[in-house]
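A quick write-up on the structure given underneath.
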Number of protein chains: 2
Amino acid sequence: MASITAATETTHTSGDAAARIRAAAEALFAKHGFDAVSLNAIAERAGVSKANIFHHFKSKHDLYLTVVRTACENSAERLQGLSGESGAFAQRLETYAHGMLADMLGHGEVSRLILRELLSNGEQRGQEFAEKVFGENFARLVATLRHAQTRGELRSDADPAMIAALLIGANVFFFEARAVLRHFPDVAFARDPKLYSRMLADILLRGVLEKPTTKNPADK
Amino acid sequence: MASITAATETTHTSGDAAARIRAAAEALFAKHGFDAVSLNAIAERAGVSKANIFHHFKSKHDLYLTVVRTACENSAERLQGLSGESGAFAQRLETYAHGMLADMLGHGEVSRLILRELLSNGEQRGQEFAEKVFGENFARLVATLRHAQTRGELRSDADPAMIAALLIGANVFFFEARAVLRHFPDVAFARDPKLYSRMLADILLRGVLEKPTTKNPADK
DNA sequence: GTCTATACAGGGATAGAC
DNA sequence: GTCTATCCCTGTATAGAC
């Protein structure tokens, strides 16, 4: 949004400093958290003086809030783009799950920032933004699942919220435990998010119990 | 371990200060994270002087490591106690899932400490301890599931590691998102971990697809 | 808008009396 | 073992020149 103003910016590089500060702050905050990052570090990485940060932002807190807010907004926007798929429900589910996981992995630093904020309890920081992304994403997924339920694509006695919890939880798990899982040689999906999403969809759809499955009884 | 030495401790309260420091540190570190907690705050809460902390611990870092290590050890020990259940597989699964969730909720601060550490990437801190608990817990669950699989209680083509990921992920999700979920009036399980565990087991076992289920076809 | 210089508070850690 | 007093450094934030 508001990218039209960039047209006349050829002669000077004004406004650039603020952007560099934001970028540096995002990277460092995401990696180490709010308290572990000093303005000295941010200034150095952004190539500006420490005082310059205070010219663009009221305080360290203000800078942090800006970073978290835009990170959350961007994340929410990206996740929203995953909704409009078509096709069989099974395929849609897997596509959505993998899209979300791929987004988390592709924006790893930002994802960590949001997850950390979600874990951070009661501080006067960007927690509400993180909860907003989380909540909106969750609600949207639940709504989609509920819709599928009304069309008979889901068991009528399955709670859509529970399915959403399983899906999101599984993805967060993969994101957080990736490093640990790689130490287990017999975990097939440790380095393969696509496989993970496929297995996730499979178990979510069919369950884990051994039983005489009648495939595609009378689809739709 | 080593609680026999507590027998003769009646006259003085020596050793008490160190314990109070550990307790205060655990609470504060769990709530706010390493960097956000000052030794002043810990000393005040423990009712000792700041210098006294350095008499019992080499540094702030050392104190933190001690806290994380014991927290992880305790957590691992408790989780280990959940394994030895008997009965039908479905019931065992639900019992295990709920036991783990109840433990997380009952030791909320410590759980947050471990999760935070797991999220903290590359810092010179207790990350390895957190990964150890996580990994051991995961591996134990996978082994249990694999055993059940050999007995025909699970689909032979379902990856036990994937099931474990789903279970743990779902529990972590509940733990982290509890506060947010309560804002949604139509999420039935938001305030009911027992219900959550039941639904979790149900979906894990049976899947979400609408189909003509033949209940208990030929159990065992 | 950007810098240098500086103020001031609080951090972790130590010395030494008791 | 516990304290008071202190050291030194780094943190955030501000003042004021350019």
Side-chain angles (χ1 to χ4, degrees), chain A residues 2 5-6 8-68 116 120 123-126, chain B residues 2 5-6 8-68 116 120 123-126:
Chain A
T5 54
T8 54
E9 293 191 9
T10 43
T11 45
H12 58 355
T13 42
S14 101
D16 203 19
R20 284 207 313 277
I21 292 171
R22 276 197 300 271
E26 178 178 293
L28 292 173
F29 282 144
K31 196 160 220 138
H32 308 288
F34 179 83
D35 298 284
V37 173
S38 73
L39 293 178
N40 281 316
I42 296 175
E44 190 181 2
R45 181 171 178 135
V48 300
S49 75
K50 200 166 40 164
N52 196 0
I53 296 179
F54 287 96
H55 182 260
H56 293 285
F57 303 92
K58 285 204 313 288
S59 62
K60 182 186 181 182
H61 201 96
D62 179 42
L63 172 57
Y64 184 75
L65 270 185
T66 305
V67 167
V68 172
R116 201 194 307 252
S120 184
E123 323 284 330
Q124 240 67 324
R125 303 205 292 234
Chain B
T5 55
T8 53
E9 294 191 10
T10 43
T11 44
H12 57 357
T13 41
S14 102
D16 204 19
R20 284 207 313 278
I21 293 172
R22 276 197 300 272
E26 178 177 292
L28 291 173
F29 282 143
K31 196 159 219 138
H32 308 288
F34 179 83
D35 298 285
V37 173
S38 73
L39 292 178
N40 282 316
I42 296 175
E44 190 182 2
R45 181 172 178 134
V48 299
S49 73
K50 193 164 49 162
N52 197 0
I53 296 179
F54 287 95
H55 183 260
H56 292 285
F57 303 92
K58 285 203 314 288
S59 63
K60 181 186 181 182
H61 203 96
D62 179 42
L63 171 58
Y64 184 76
L65 270 186
T66 305
V67 167
V68 173
R116 200 195 304 256
S120 182
E123 322 285 328
Q124 241 67 327
R125 302 207 293 235

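In what follows, chains carry the letters A, B, and so on, assigned in the order in which the sequence lines appear, proteins first and then strands, with residues in each chain numbered from 1.
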How many Å lie between [atom1] on [X] and [atom2] on [N], as a whole number?
| X | N | atom1 | atom2 | value |
| --- | --- | --- | --- | --- |
| A:Lys58 | D:dT14 | NZ | C1' | 16 Å |
| B:Lys60 | C:dA13 | NZ | C1' | 12 Å |
| A:Phe54 | D:dA13 | CZ | P | 4 Å |
| B:Phe57 | C:dG12 | CZ | P | 15 Å |
| B:Leu63 | C:dA13 | CG | P | 10 Å |
| A:Ile53 | C:dC3 | CD1 | P | 10 Å |
| B:Asp35 | C:dG11 | CG | P | 13 Å |
| B:Ile42 | D:dT2 | CD1 | P | 16 Å |

Side chain of [X] only, heavy atoms from C-beta on: which candidate in [options] is closest?
| X | options | answer |
| --- | --- | --- |
| A:Ser38 | C:dC3, D:dT12, D:dG1 | D:dT12 |
| A:Ala51 | C:dG12, C:dA5, D:dT4 | C:dA5 |
| B:Val48 | C:dG12, D:dC3, D:dA13 | D:dC3 |
| B:Asn40 | C:dC3, D:dT12, C:dG11 | C:dG11 |

If the cut-off is 4.0 Å, is [X] near the phosphate of [N], judged by side-chain N/O to OP1 or OP2?
| X | N | answer |
| --- | --- | --- |
| B:Asn52 | D:dG1 | no |
| B:His55 | C:dT14 | no |
| B:His61 | C:dG12 | no |

Q: Kindly say whether B:Val37 contributes a backbone atom to a donor-acceptor pair with the side chain of B:Lys31 at under 3.5 angstrom?
A: no
Q.
Counting neighbours of CD on A:Glu44 that are heavy atoms of other residues, nucleotides or ligands and sit closer than 6.0 Å, is the number greater than 12?
A. no
Q. Is there side-chain contact between A:Phe57 and A:Arg22, with at least one heavy-atom pair below 4.5 Å?
A. yes
Q. Does a side-chain heavy-atom distance below 4.5 Å link B:Arg20 with B:Arg45?
A. no
Q: Give the ring-plane orientation class for B:Phe29 versus B:Phe34, where under 30° counts as parallel, over 60° as perpendicular and anything between as tilted.
A: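 Parallel.
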